[in-house]
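Here is the structure we will look at, set down as structure tokens.
Reminder, nothing fancy here: chain letters follow the sequence lines and each chain counts from 1.
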Number of protein chains: 2
Amino acid sequence: MAKVPPDDLLQTVLRSAPRERLGTTRSRMEDVARLAGVSTATVSRALRQPDRVSPAVRARVDEAVERLSYRRNLMAGALASARSMTIGVIIPSMINSFFSATVEAMEEGLEGSGYQLLIGNSRHSMEIEERLVASVMAWSPAAIVLTGRRHSRETIRMALDADIPIVEMWELSDHPIDTIVGFSQRAAGRIVVRHFAERGARKLGFIGAMLDRDYRAVDRYAGFVEAAAEAGFAPPVEYRFEKRASAIGGSEALRALMAQHPDVDAVFCTNDILALGGLFEAQRQGWSVPGRLRICGFGDLEFAAASEPALTTVRPPRGAIGTKVAEVLLSRLGGKPAGQTIFDLGFELVARGST
Amino acid sequence: MAKVPPDDLLQTVLRSAPRERLGTTRSRMEDVARLAGVSTATVSRALRQPDRVSPAVRARVDEAVERLSYRRNLMAGALASARSMTIGVIIPSMINSFFSATVEAMEEGLEGSGYQLLIGNSRHSMEIEERLVASVMAWSPAAIVLTGRRHSRETIRMALDADIPIVEMWELSDHPIDTIVGFSQRAAGRIVVRHFAERGARKLGFIGAMLDRDYRAVDRYAGFVEAAAEAGFAPPVEYRFEKRASAIGGSEALRALMAQHPDVDAVFCTNDILALGGLFEAQRQGWSVPGRLRICGFGDLEFAAASEPALTTVRPPRGAIGTKVAEVLLSRLGGKPAGQTIFDLGFELVARGST
DNA sequence: TTGAAAGCGCTAACAG
DNA sequence: CTGTTAGCGCTTTCAA
């Protein structure tokens with residue numbers, strides 16, 4: 001069995017491969033094959049399914065790869081196999097750290113697997129989501145991850161047509177496109193009512209942002225209202241605004257809400273950042289929290305534990321969702337059958353000083 | 001000149017193209033060419049450089065594309081041209097909303113251009129950055145965007161070798177790899193000293209997180225210390241910690257700093273989130289802000305304007321950086337020569353209640 | 001276990 | 001302005 005050739009052959013191999021189109025002398029699989037004394041088919045196998053070639057060949061290929069500092073051209077591979085090492089991920093917002101945290105966890109879970117995330121930002125719009133899915137499809141992704149369970153007809157059609165694993169996340173559904181990893185947003189809204197009731201609240205308020213597009217927030221709202229009715233509360237008074245959730249928005253909302261309904265003594269904000277603004281506003285107005293007013297947020301963003309008073313909030317499994325999505329994906333992409341397709345990761349009410 | 005054929009030819013075209021490898025009947029450029037009665041080369045031109053084909057042909061191609069709902073296979077195009085419609089973007093953190101905001105603005109600036117961002121998260125590590133650049137390179141990106149001006153030797157080599165536009169951002173440098181869009185972090189640190197001096201501060205403190213890896217924060221620190229000396233202050237006392245910036249970290253840091261140095265009356269936090277924690281801690285401890293203690297942050301994160309007291313901070317051009325990067329990229333990718341390669345977008349000290 | 005050969009779907013000279 | 005002709009670099013039958 002031929003050994004890896006000496007250095008002068010290495011030189012020859014390198015020289016014989018002028019790469020004019022790339023600005024660079026980048027070696028191709030053929031160079032590796034020649035240096036290792038095998039065919040490109042074997043190199044391909046050695047690289048992707050090492051157990052399907054003899055140990056000796058594998059070693060020679062590895063050495064050749066090393067010496068040429070060869071890196072596979074993924075585009076070519078993707079074209080040939082009609083499948084790329086790409087995973088399309090569509091999230092509604094990059095700035096919102098809910099999804100960033102999920103994506104970070106997903107990246108970590110996928111680390112070393114060779115899969116690359118192609119991240120799209122739908123800005124909470126189903127139309128943009130559709131466009132993003134369409135353009136991601138042009139990359140023949142190995143899988144697609146969508147946020148939420150509501151998508152345009154066309155998005156669903158494309159996803160189904162692609163015949164690849166589709167994972168939805170951050171919500172729950174009895175009929176996921178394929179697999180869904182999340183928790184019940186509605187239940188998250190409900191639990192807040194129970195907590196307020198336990199703390200002796202009498203008149204509930206609600207503050208929400210972007211409810212025309214953020215369906216998860218709408219679900220939390222629905223759960224909140226529903227549970228309030230069941231618990232015998234009067235219908236919660238509410239203040240909503242179109243713009244994305246912000247501390248300033250939260251401050252203004254609370255001020256407006258209290259001006260109109262001075263009897264409110266417990267407010268649920270669909271987002272911790274709104275609650276933060278509320279906390280500051282209460283301080284400015286001299287409303288003691290939780291004495292005069294109880295405030296509960298959603299998200300358990302990092303500052304929630306640090307605020308004064310510390311913020312009671314619902315903690316979604318931000319990182320866990322990403323980790324589980326990665327796990328599901330790896331399993332499916334590794335060829336394992338679907339198995340469980342609905343993963344309820346739950347949530348937790350973190351009671352702190354603000355209620 | 002032949003018209004677009006009637007429907008039965010359309011049927012034939014569709015039927016004659018079995019796409020078994022994809023789960024789907026997805027048409028190829030050849031189908032479009034046949035239906036439009038031209039060659040694939042012409043279709044390719046009509047799609048990518050519409051002005052280089054006759055209006056009549058363009059119209060027929062467009063119609064054929066429409067009827068077949070044809071979408072170009074980008075992998076194939078990228079392979080053939082050794083250049084993809086991808087732009088690699090490496091940021092140090094996804095959760096940090098500095099960079100998320102920049103990326104969002106960049107996305108908006110690139111909207112409609114057909115370029116897709118391939119986002120990598122280096123977690124503030126040059127080694128990870130290097131790995132990410134290497135794997136992004138496998139996609140033959142049209143350009144690369146890096147954060148900061150410090151990169152590993154190998155990263156720089158790969159970037160240079162690729163012979164594509166390389167944009168660094170969020171810092172300034174006299175010798176960018178290619179082009180740099182940002183502002184002077186050092187100057188940002190300096191201006192805080194001037195502001196503190198104007199407000200009558202006498203003893204300066206500094207709180208920083210992750211200074212072993214966040215070079216931008218280190219530069220701000222250096223500017224702060226340098227300007228403090230020039231202004232005749234005693235060397236600022238400091239508290240640093242390894243973990244990523246957080247409100248809790250900020251609270252703890254301030255408490256520790258003040259315990260050791262009760263004479264400090266003005267603290268610069270390298271990040272608004274640290275300052276937020278500081279604000280809450282001051283409230284808990286009963287230190288009036290700005291009476292007993294002045295606090296200045298960096299970032300002008302959204303909550304800074306909403307807090308009580310509102311937070312004085314340095315506002316970096318978060319969105320503007322992304323917008324400018326997109327503009328530079330579009331120009332360069334459109335074939336225009338480099339021109340200006342250093343873009344100083346400046347920053348602004350936003351004086352509010354906390355100082 | 002390995003190799004030969006035939007593409008994957010598109011782009012890019014180069015003629016015409 | 002348009003078509004012909006070669007690939008881009010890899011994967012994948014199918015035989016050996």
Side-chain angles (χ1 to χ4, degrees), chain A residues 1-2 17-34 36-61 65 68 70-85 114 137-140 142, chain B residues 1-2 17-34 36-61 65 68 70-85 114 137-140 142:
Chain A
M1 208 164 276
R19 284 276 73 60
E20 294 168 35
R21 306 179 72 188
L22 301 172
T24 287
T25 309
R26 188 168 148 190
S27 46
R28 298 163 308 165
M29 190 176 274
E30 195 189 320
D31 304 326
V32 175
R34 200 177 314 148
V38 297
S39 70
T40 60
T42 299
V43 174
S44 180
R45 278 186 214 108
L47 260 25
R48 304 186 317 139
Q49 315 162 52
D51 2 289
R52 296 175 70 83
V53 299
S54 68
V57 165
R58 197 185 319 154
R60 274 189 294 149
V61 168
V65 164
L68 296 170
Y70 168 72
R71 312 202 89 241
R72 243 157 73 221
N73 180 323
L74 300 183
M75 324 275 324
L79 179 58
S81 65
R83 198 117 299 176
S84 77
M85 291 300 281
M137 285 303 179
W139 294 99
S140 316
Chain B
M1 208 166 271
R19 283 276 71 61
E20 294 169 34
R21 307 181 71 190
L22 300 172
T24 286
T25 307
R26 187 167 149 192
S27 46
R28 296 163 311 165
M29 191 175 274
E30 196 190 320
D31 304 326
V32 175
R34 201 177 313 148
V38 296
S39 70
T40 59
T42 298
V43 174
S44 180
R45 278 186 213 106
L47 260 25
R48 304 185 315 140
Q49 315 162 53
D51 3 290
R52 295 174 69 83
V53 299
S54 69
V57 165
R58 198 185 318 154
R60 273 190 294 148
V61 168
V65 164
L68 297 169
Y70 168 72
R71 311 202 90 243
R72 241 157 75 224
N73 180 324
L74 300 182
M75 324 276 327
L79 179 59
S81 65
R83 196 117 303 174
S84 75
M85 290 299 281
M137 285 303 178
W139 293 99
S140 315

Side chain of Asn73(B), heavy atoms from C-beta onward: which of dG3(C), dG3(D), dG9(C) has the nearest atom to it? dG9(C)

Mind checking what makes side-chain hydrogen bond (donor to acceptor under 3.5 Å, both in side chains) contact with Arg71(A), not counting sequence neighbours? none

Note: Met75(A) and Ala78(B) closest approach over all heavy atoms is CE-CB, 3.0 Å

Give the rounded distance in Å between these two atoms: CG of Leu74(B) and C1' of dT11(C). 13 Å

Of Pro55(B) and Met29(A), the one whose nearest nucleotide on DNA chain D sits closer to the 5' end is Pro55(B)

Once you round it to whole Å, what is the distance between C1' of dG9(D) and CE of Met75(A)? 11 Å

Any residue meeting side-chain contact (heavy atoms from CB on, under 4.5 Å) with Arg45(A), in chain and number order, not counting sequence neighbours: Ala41(A), Thr42(A), Val53(A)

What's Val43(A) touching, base or sugar-phosphate or nothing? Going by heavy atoms closer than 4.0 Å. nothing

For the pair made of CZ in Arg58(A) and P in dT1(C), what is the distance, rounded to whole Å? 10 Å

Measure from the side chain of Ser81(B), starting at C-beta and using heavy atoms only, and say which of dT11(D), dT11(C), dG3(C) lies closest. dT11(C)

Please list, in numerical order, the residues of residues 45-53 of chain A that have a heavy atom closer than 4.0 Å to any atom of DNA chain C. Arg45(A), Val53(A)

Name all residues meeting the side-chain contact (heavy atoms from CB on, under 4.5 Å) criterion together with Met137(A); count only those two or more places apart in sequence or in a different chain, and write none if there are none. Val133(A), Pro141(A), Ile144(A), Met158(A), Ala162(A)

Taking the minimum atom-to-atom distance to the side chain of Thr42(A), which one of dT11(D), dT2(D), dT2(C) wins? dT2(C)

Of the nucleotides dT11(D), dC8(C), dG3(D), which has the atom closest to the Leu79(A) side chain? dC8(C)

Could you check if a side-chain atom of Met85(B) sits within less than 4.5 angstrom of a side-chain atom of Trp139(B), using non-hydrogen atoms only? no

Starting at CG of Leu68(B) and ending at C1' of dG9(C), how long is that distance when rounded to a whole Å? 15 Å

For the pair made of CE in Met85(B) and P in dC10(C), what is the distance, rounded to whole Å? 15 Å

Rounding to an integer number of Å, can you tell me how far Asp31(A) CG sits from dG9(D) P? 10 Å

Between Ala76(B) and Thr40(B), who's closer to the 5' end of DNA chain D by nearest nucleotide? Thr40(B)

Winner on side-chain proximity to Val38(A), out of dG9(D), dG3(C), dC10(C), is dG3(C)

Trp139(B) CH2 - dC8(D) C1' separation (whole Å): 15 Å

Suppose we screen for side-chain contact (heavy atoms from CB on, under 4.5 Å). Which residues come up paired with Arg48(A), at least two apart in sequence or across chains? Ser44(A), Arg72(A)

Residues two or more places apart in sequence or in another chain: which of them pass side-chain hydrogen bond (donor to acceptor under 3.5 Å, both in side chains) with Ser84(A)? Thr86(A)

What's the closest nucleotide to the Ser44(A) side chain, out of dT2(D), dT12(D), dC8(D)? dT12(D)

From C-beta outward on Ala80(B), which listed nucleotide comes closest to its side chain: dG3(D), dC1(D), dC10(C)? dC10(C)

